[in-house]
There are 2 protein chains.
Amino acid sequence: MPRPRTPLLSTDRIADAAMELVDEGAPFGVNAIARRLGVTPSSLYNHVRGRDEIVELMRGRLGERYLPQLVGGTWDEVVEGSLRAQRRMYAEHPFLIPLIVEQTITDPTVIASYDHLATTLAAAGFPEDDVLDVVAIIDAFSIGMGLDLASPDEVWAPETPTETLGRLVAVGPRGAARSDRAFESGLELLLDGLRLRLARYELD
Amino acid sequence: MPRPRTPLLSTDRIADAAMELVDEGAPFGVNAIARRLGVTPSSLYNHVRGRDEIVELMRGRLGERYLPQLVGGTWDEVVEGSLRAQRRMYAEHPFLIPLIVEQTITDPTVIASYDHLATTLAAAGFPEDDVLDVVAIIDAFSIGMGLDLASPDEVWAPETPTETLGRLVAVGPRGAARSDRAFESGLELLLDGLRLRLARYELD
DNA sequence: ACCTGAACACCGTTCAAGT
DNA sequence: ACCTGAACACCGTTCAAGT
């Protein structure tokens with residue numbers, strides 16, 4: 001069946017199939033996508049440069065879906081909105097995190113959202129020298145908490161006896177509930193820290 | 001050459017070879033390790049359960065090397081020491097980060113260091129309900145900044161024109177220097193936030 | 001332009017065979 | 001106990017051939 005008159009594939013169909021696999025937690029790869037689409041792996045290369053581009057396609061798709069609504073407001077609302085948007089994205093597509101983490105960002109939507117963050121922080125009074133650091137910190141926190149969310153429950157389940165950790169783990173919430181608590185706590189910490197810093201700048 | 005009277009392999013030799021590969025940034029895997037050791041891939045399975053165990057072996061080895069020295073001091077010294085120790089570890093073995101990030105922690109040394117952190121925070125007056133959150137936040141920041149360090153220079157080099165980001169990237173430091181700056185800034189932010197929180201607790 | 005099928009150079013893992 | 005070699009079931013990617 002070579003060259004059907006109406007094409008079987010497109011970057012969109014490929015991205016759809018890829019997202020399906022990832023959301024099911026199924027093994028992700030060029031071959032798996034081809035199988036799901038009832039097509040030969042080599043067919044995909046007519047539409048896509050390879051595995052990395054498919055991952056980047058997914059990042060872009062999620063970026064468009066989750067990131068644009070962070071527009072107005074005060075600087076701390078923008079920071080909070082940006083972090084919550086990413087959090088929702090990671091929470092609803094946890095298996096994507098390990099994939100996108102090991103790849104450089106090229107998607108313009110994602111870049112644009114970081115640019116917006118940088119512009120807002122600069123306008124709020126953060127010195128230009130520090131803005132990039134703050135963006136990196138926000139990004140690190142977001143990614144780190146994303147991985148925390150994606151990791152299995154047993155991350156904090158030690159096999160050897162512990163002084164404190166084991167007890168706290170046993171008493172506290174588990175899984176997504178635990179990670180969500182930590183995210184909220186961290187968000188508050190981050191915003192408090194940034195407000196304090198801004199206040200100090202304004203003393204000078 | 002079956003069954004040499006003095007064994008060619010051991011978990012230690014395997015871990016050594018694995019670390020060498022990772023530190024060179026060479027492709028990491030069972031086959032590559034075997035090649036480096038002048039041995040058949042299947043030989044490794046006499047000493048090790050598989051790829052995952054080799055990664056865990058490396059994590060343990062680095063844990064023993066970098067983490068133990070965080071013992072005494074005030075709670076914020078312990079937090080700072082713990083973060084700096086991990087930072088040094090990631091900085092000196094950046095290619096390890098993507099590997100360990102996608103795997104659950106089972107190594108007792110690493111668990112012990114988190115336990116120590118939890119014990120210290122609880123003793124300092126952080127409510128037990130919040131200690132686990134704080135540990136997760138510290139971990140997220142550490143991992144996130146580790147990935148930031150490991151990622152190529154071009155992460156923040158947008159292809160499309162930007163309002164602020166592109167200019168800041170052009171002016172500021174690059175590579176490890178940029179990441180180190182952000183780490184220092186984030187560490188300060190984290191400690192300030194935690195001190196503020198502790199002070200609030202003590203008001204009640 | 002778009003798909004197939006064969007081919008290539010890889011993976012990680014298992015297992016019988018050898019000493 | 002410890003290594004080999006063959007085998008298995010995978011990867012991602014390239015490319016000539018077909019319409």
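Every chain is numbered from 1, with letters handed out A, B, ... down the list of sequences.
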Inset, instruction - Pull out every residue in residues 36-47 of chain B that has a heavy atom closer than 4.0 Å to any atom of DNA chain C, ordered by number, or say none. - result: Pro41(B), Ser42(B), Tyr45(B)
Inset, instruction - Quickly work out the Phe28(A) CZ to dG12(D) C1' distance and round it to whole Å. - result: 12 Å
Inset, instruction - Please state how far atom CG in Asn31(B) lies from atom C1' in dA6(D), giving the value in whole angstrom units. - result: 14 Å
Inset, instruction - Would you please test Leu194(A) and Trp75(A) for side chain to side chain contact (heavy atoms under 4.5 Å, CB included) and show each step? - result: CA-CA 10 Å; Leu194(A) 288 174; Trp75(A) 70 268; 3.5 Å; yes
Inset, instruction - Take Asp192(B) and Arg195(B), measure what salt bridge (charged side-chain N to carboxylate O under 4.0 Å, His left out) needs, and give me the verdict at the end. - result: CA-CA 5 Å; Asp192(B) 279 345; Arg195(B) 286 192 199 102; 3.3 Å; yes
Inset, instruction - Would you please confirm or rule out a distance under 4.0 Å between OP1 or OP2 of dC11(C) and any side-chain N or O of Arg35(B)? - result: yes
Legend entry - Whole angstrom value for the distance that separates P of dG12(C) from CG of Leu99(B): 11 Å
Inset, instruction - Would you please classify the geometry between the Tyr66(A) ring and the His93(A) ring as parallel, tilted or perpendicular, with 30° and 60° separating the classes? - result: perpendicular
Legend entry - Contact summary for Arg197(A) and Leu189(B), nearest pair of heavy atoms: NH2-N, 3.5 Å
Inset, instruction - Only counting residues at least two apart or in another chain, list the ones meeting salt bridge (charged side-chain N to carboxylate O under 4.0 Å, His left out) with Asp23(A). - result: none
Inset, instruction - Just do the side chain to side chain contact (heavy atoms under 4.5 Å, CB included) check on Asp12(A) and Arg61(A) with the steps written out, would you? - result: CA-CA 9 Å; Asp12(A) 261 359; Arg61(A) 177 166 285 223; 3.0 Å; yes
Legend entry - Steps toward side chain to side chain contact (heavy atoms under 4.5 Å, CB included) verdict (Asn46(B), Leu9(B)): CA-CA 9 Å; Asn46(B) 288 300; Leu9(B) 296 177; over 6 Å; no
Legend entry - Value in whole Å for how far the P atom of dG12(D) lies from CD of Glu53(A): 15 Å
Legend entry - Which nucleotide in dC3(C), dC3(D), dG12(D) has an atom nearest any side-chain atom of Leu8(A): dC3(C)
Legend entry - Residue-phosphate contact under 4.0 Å: Arg49(B) side-chain N/O, dT14(C) OP1/OP2: no
Inset, instruction - Could you state the atom-to-atom distance from CZ of Arg51(B) to P of dT13(C) in whole Å? - result: 8 Å
Inset, instruction - List the steps and the verdict of side chain to side chain contact (heavy atoms under 4.5 Å, CB included) for Ile137(A) and Ser185(B). - result: CA-CA 8 Å; Ile137(A) 291 163; Ser185(B) 178; 3.6 Å; yes
Legend entry - Watson-Crick and G-U pairing of DNA chain C, under 3.5 Å, as dot-bracket with | and [ ]: ||.|||||...|||||.||
Legend entry - Any donor-acceptor pair under 3.5 Å from Ser142(B) side chain to Ile138(B) backbone: no
